[in-house]
Trainee: 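For reference, the structure I am asking about is given below.
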Number of protein chains: 2
Amino acid sequence: MATPRFDIIGQAISDASRTRMLCELMEGRSFTNKELAGAAGITPQTATAHLRLLQHAGLVIAEKRGRCVYHRLSGPDVAQALEQLAAIAPADSLYRAQRRKAGGLAQVRSCYDHLAGPLAVAMTEALMSRGHLREKNGGFIPHAGPVWAQLGVDLPERAGRAPFARPCMDWTERRLHIAGPMGRQILTRALDAGWLHRPLHGSMRGRGLEVTPSGQRALHDILGIGAQLDQIIVSPKREEA
Amino acid sequence: MATPRFDIIGQAISDASRTRMLCELMEGRSFTNKELAGAAGITPQTATAHLRLLQHAGLVIAEKRGRCVYHRLSGPDVAQALEQLAAIAPADSLYRAQRRKAGGLAQVRSCYDHLAGPLAVAMTEALMSRGHLREKNGGFIPHAGPVWAQLGVDLPERAGRAPFARPCMDWTERRLHIAGPMGRQILTRALDAGWLHRPLHGSMRGRGLEVTPSGQRALHDILGIGAQLDQIIVSPKREEA
DNA sequence: TCAACACTTCGCTGCAGACCGCAGTGTTCT
DNA sequence: AGAACACTGCGGTCTGCAGCGAAGTGTTGA
């Protein structure tokens, strides 16, 4: 008694099916019961039970709209805690490399409300190497300049209590990328400007993002990312049954 | 497949007994099998199984010394991730208030390698209100001054990549306190100077810390913490069966 | 009004694992 | 050498729960 109840949340994320659901939800969008059931490879009635559990643990929120029920993560703090957790290497860190090779996780993807994966890391490091961004005491500090407007970022006049550009550890790269309001603004711009889009057509569900030709140009012009992109965009056509 | 294995770590922390063990270990010290079994209210052979599981998940490390086996958290990142997790309010946030009332968790305690609980929060906020410390972009930035030497803190000449004073969310207070190297140095000073000590004599196991009279003087002289201390030190004599 | 659909509830089976008693191994101290 | 001690391994019981099929409720559209 009288201890923090890790176990409630732990129990909620202790199941592989629920983990798969949470991974879908980490994108930040809402999903229906059926979609999540499909993603986890289980029947809707089993998914219902899982989702009720996740809801009771405070990790997800359900919203009824017509005959559909949309589920989403209950907040950014949940996504952040899960990222943090995923960054801990479980005994054999082989699994990380395997996953990347398998291509099961998109190279370019969104993480709750910001961009993640190798592209996000490359962008962050380009910004730092070009002097637009500096890391200090565990926070990112931007230097005013025209890049930010190009990236759709509206710099605040003075730093508030809430971090504007929060460093976020990517658990495949184990390197930092930008989260927080700045991360959200960059993702918004990238989608609005057509630099990235969600491929809803191809493989079953549209996990991950694609860089469009105009996106490649923009990234090259603004951040000088060219060679890295080639490595990132090698589309993993290999689909294991 | 091909998803981050939350479930491995989740499964590791999904049990109430393991949660209790982890809470002990969050102090940052090493504990034997028997001690942890006692803390969790289970027999040593059951504890063995639990600890092997935690070890396999990469959360704890075992070290054999003589006929004893000492277990400890495998690193600060584990402690940080667990804190992050505990800060998520699980549905009914009543449980947090209850726990504080019950006094099951010490008001003054260490969290892995730094000070936590109401005292740590009060110290942090005193430092900020007195202008010694500033929060910016999710990091703490210290202003040079004599306070730091008094607190045993050796300020680095220039900020490195690793944050010197990392903000850490206290999950009982839901307010920030100081972790990272600075937090470690402050705790070290507090113990070395006899401001705090671990009461090994009293209730079964010495969870938590006690503020000594000299510690009260020091906190008053250096940070002006007086009234807050009275609220913090109301020793919870109530021991429920 | 009826069919199609999304989701939930219920009842059931099967498996994982938490827990302990008992016995065994290795270490320390007398 | 022998006793005390810390821990581990094994077998057993019992609870919890993931999973599905079948049936039920509420919503949408023809």
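It should be emphasised that the depicted structure is a prediction, and the values quoted were computed from it without experimental measurement. Each chain gets a letter, A, B and so on, in the order the sequences are listed, and its residues count up from 1.
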Trainee: Looking at C:dC20, I'd like to know if its phosphate oxygens (OP1 or OP2) sit under 4.0 Å from a side-chain N or O belonging to B:Thr43.
Mentor: yes
Trainee: Pick out which of A:Arg29, A:Gln185, A:Arg184 makes a side chain to side chain contact (heavy atoms under 4.5 Å, CB included) with A:Asp113.
Mentor: A:Arg184
Trainee: List every contact pair, protein side and nucleotides 12-15 of chain C side both N or O, where the distance is under 3.5 Å.
Mentor:
none

Trainee: A:His71 has an atom NE2; how far is it from atom P of C:dC7, in whole Å?
Mentor: 7 Å
Trainee: In whole angstrom, give the distance that lies between atom CZ of B:Arg67 and atom C1' of C:dG26.
Mentor: 10 Å
Trainee: I need the CD-P distance between A:Glu63 and C:dC7, as an integer number of Å.
Mentor: 14 Å
Trainee: Side chain to side chain contact (heavy atoms under 4.5 Å, CB included) for B:Leu59 and B:Ile13? Distances and angles first, verdict last.
Mentor: CA-CA 9 Å; B:Leu59 299 184; B:Ile13 61 174; 3.8 Å; yes
Trainee: May I ask you to evaluate whether B:His50 reaches the phosphate of C:dC19, defined as a side-chain N or O under 4.0 Å from OP1 or OP2?
Mentor: yes
Trainee: Would you say B:Ser17 reaches C:dC19's phosphate, i.e. side-chain N/O to OP1/OP2 under 4.0 Å?
Mentor: yes
Trainee: Rounded off to whole Å, could you give me the OH-to-P distance for the B:Tyr70 and C:dT27 pair?
Mentor: 15 Å
Trainee: For a quick test of reading the model, state the closest non-hydrogen atom pair linking B:Ala39 to B:Arg20 and the distance between them.
Mentor: O-CD, 3.9 Å
Trainee: Within a strict 4.5 Å, meaning less than it, do heavy atoms of the A:Leu36 and A:Leu51 side chains meet?
Mentor: yes
Trainee: Using atom CE of A:Met21 as one end and atom P of C:dC7 as the other, report the distance to the nearest whole Å.
Mentor: 11 Å
Trainee: Toward the 5' end of DNA chain C, which comes first, A:Gln45 or B:Ile42, by nearest nucleotide?
Mentor: A:Gln45
Trainee: Could you measure the distance from the OG1 atom of A:Thr124 to the CE atom of A:Met182? Nearest 0.5 Å is fine.
Mentor: 9.5 Å
Trainee: Can you give me the first and the last nucleotide of DNA chain D (5' to 3') that has an atom within less than 4.0 angstrom of a non-hydrogen atom in chain A?
Mentor: D:dC17 to D:dT28
Trainee: Rounded to the Å, how far apart are B:Ile8 CD1 and C:dG17 P?
Mentor: 12 Å
Trainee: Please report, rounded to the nearest Å, how far the P atom of C:dT28 is from the NZ atom of B:Lys34.
Mentor: 17 Å
Trainee: Could you measure the distance from the CD1 atom of A:Ile8 to the CG atom of B:Leu85? Nearest 0.5 Å is fine.
Mentor: 11.0 Å
Trainee: Any side-chain heavy atom of B:Leu119 within less than 4.5 Å of one from B:Val211?
Mentor: yes
Trainee: Return the 5'-most residue of the pair B:Cys68, A:Ala49 with respect to DNA chain D, ranking by each residue's nearest nucleotide.
Mentor: B:Cys68
Trainee: Can you find a heavy atom in the side chain of A:Met21 that is under 4.5 Å from one in the side chain of A:Ile42?
Mentor: yes
Trainee: With a 4.0 Å limit, can you tell me whether B:Arg18 has a side-chain N or O closer than that to the phosphate oxygens OP1/OP2 of C:dA18?
Mentor: yes
Trainee: Could you tell me if the side chain of B:Leu115 sits less than 4.5 Å from the side chain of B:Met123, heavy atoms only?
Mentor: yes
Trainee: Mind calculating the distance between CD (B:Gln11) and C1' (C:dG17) to the nearest angstrom?
Mentor: 8 Å
